[in-house]
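One structure below.
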Number of protein chains: 2
Amino acid sequence: MFLSTSEHSADAKNRVSVPAGYREALRDDPYDAIYVLPHFDGPYLECGGEQFVQQYRMDIANLPRYDALRKDLEIAVIGAIRRLDFDSTGRVTLPRDFIDHAGIDGRCAFVGCDNHFQIWNADAHAARLRDVRSRLSARLADPAEAERMGGGTDLGSLLRNSESLAALLKGEKL
Amino acid sequence: MFLSTSEHSADAKNRVSVPAGYREALRDDPYDAIYVLPHFDGPYLECGGEQFVQQYRMDIANLPRYDALRKDLEIAVIGAIRRLDFDSTGRVTLPRDFIDHAGIDGRCAFVGCDNHFQIWNADAHAARLRDVRSRLSARLADPAEAERMGGGTDLGSLLRNSESLAALLKGEKL
DNA sequence: TAAATTCCCATGATATCCCATATGTTAACA
DNA sequence: TGTTAACATATGGGATATCATGGGAATTTA
């Protein structure tokens with residue numbers, strides 16, 4: 001799991017150290033690398049390991065082969081992702097166009113998002129975090145939204161009550 | 001798998017270097033070559049290895065033998081694909097009519113699409129990528145479309161992919 | 001014989017690898 | 001409790017290998 005945020009600097013060769021904790025999460029991957037996508041939805045890089053790419057491949061493969069959405073995703077996702085290999089000290093070199101896309105100039109922020117993480121221009125991320133917080137705060141005022149935010153299954157009660165989950169944990173298929 | 005996009009130049013002899021990563025993906029093919037199709041859907045070349053051709057053959061073979069669509073596909077796909085062999089440095093020579101079809105003049109973009117890739121005039125692809133990105137970005141704003149692009153994670157896949165969550169559910173301490 | 005194609009080698013740019021240094025954190029010990 | 005040692009992490013710079021690409025020679029085709 002990719003957790004928490006940390007800032008690192010990109011040097012003259014556009015190298016950045018990937019947080020040690022993130023590298024730990026990639027320990028079992030076949031390549032000593034991360035996959036990086038300049039995201040179509042904003043000035044940031046979406047990153048992850050093998051699972052990150054496979055998830056996108058699956059989403060795309062599940063669409064009809066001549067579907068327009070599928071073709072768009074192939075270009076903007078598969079066509080845009082690059083594998084960046086670690087050097088011996090745990091750094092990757094960011095391609096010039098990736099740096100341009102995210103507006104990275106010196107400091108950049110690594111933001112953990114569970115099964116993937118993002119790389120932002122440090123200042124841009126700080127500003128965004130303020131926005132996100134106030135937006136979430138406002139959402140809580142609306143009961144329907146509050147329900148949506150915390151309406152998921154309660155892990156504790158699930159454990160106490162669910163036989164099918166117990167079966168799943170024993171390795172049985174549902 | 002063909003991943004990411006890179007630009008290369010076509011020289012005076014109409015030779016282009018195929019990205020090293022793509023050649024790696026073709027390592028196990030019987031021929032040291034790519035199959036190239038001037039696509040009927042736009043000014044670009046659709047390319048791939050052995051699997052790329054076989055997929056088209058299958059699609060066509062599944063149609064009735066006297067079907068009008070089948071006959072069209074036979075002409076526009078099977079009749080149009082050419083095999084281009086690599087030279088010793090990993091380049092292929094593009095036939096004149098292929099260059100005309102894609103409007104290639106100097107720089108061209110190689111776009112990875114998982115099991116195949118495309119070759120575009122570099123400028124044409126840049127313009128198209130902008131279109132695709134804004135279209136996808138707009139789509140995300142619509143919850144129904146966002147759902148189609150990637151539904152929420154189900155508990156099963158979460159369990160399969162997260163050792164620490166599985167451990168937690170089994171009652172172990174983290 | 002002319003034109004085009006294929007093969008081979010040379011070069012430059014870029015990315016990759018390796019070692020050295022700095023910084024910060026934990027652990028050990030006085 | 002203060003000091004030092006050991007370690008892990010982050011960063012900087014130089015050497016090396018890989019890749020893209022240009023040009024010329026050999027071979028084929030018209």
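A, B, ... follow the sequence lines: proteins, then strands. Residue 1 opens every chain.
Crowding of R82(B) atom CZ: a count of heavy atoms from other residues, nucleotides or ligands under 6.0 Å not exceeding 12. For R83(B), the CZ atom is densely surrounded, since the number of other residues' heavy atoms within 6.0 Å is greater than 12.
No side-chain N or O of E46(A) forms a donor-acceptor pair with one of Y35(A) less than 3.5 Å apart. No hydrogens or angles considered: a donor-acceptor pair under 3.5 Å links the side chains of S137(B) and D41(A).
DNA chain D is contacted by T89(B), R91(B) of residues 79-103 of chain B, taking any non-hydrogen atom closer than 4.0 Å.
Salt bridge status for E24(A) with R27(A): present, with a side-chain N to carboxylate O gap under 4.0 Å.
For Y31(A) and dT16(C), the OH to C1' distance is 17 Å, given to the nearest whole Å. If you take CZ of R15(B) and C1' of dT5(C), they are 10 Å apart, rounded to a whole angstrom. Rounded to whole angstrom, the span from the CG atom of N14(B) across to the P atom of dT21(D) amounts to 14 Å. Rounded to an integer number of Å, the gap from K13(A) NZ to dT14(C) P is 14 Å. Rounding to whole angstrom units, CG of residue D32(A) and C1' of dT16(C) are separated by 13 Å. One atom, CG of D11(A), and another, P of dA22(C), lie 16 Å apart when rounded to the nearest Å. Between the NE2 atom of H8(B) and the P atom of dT14(C) there is a distance of 13 Å, rounded to whole Å.
As judged by a 4.0 angstrom heavy-atom cut-off over every strand, V18(A) is placed among residues touching the sugar-phosphate backbone only.
With a 4.5 Å cut-off on side-chain heavy atoms, D114(B) and R57(A) count as touching.
Of the two residues near DNA chain D, V16(B) and P19(A), the one whose nearest nucleotide lies more 5' is P19(A). Nearest-nucleotide positions on DNA chain D place R107(A) closer to the 5' end than the other of E7(B) and R107(A).
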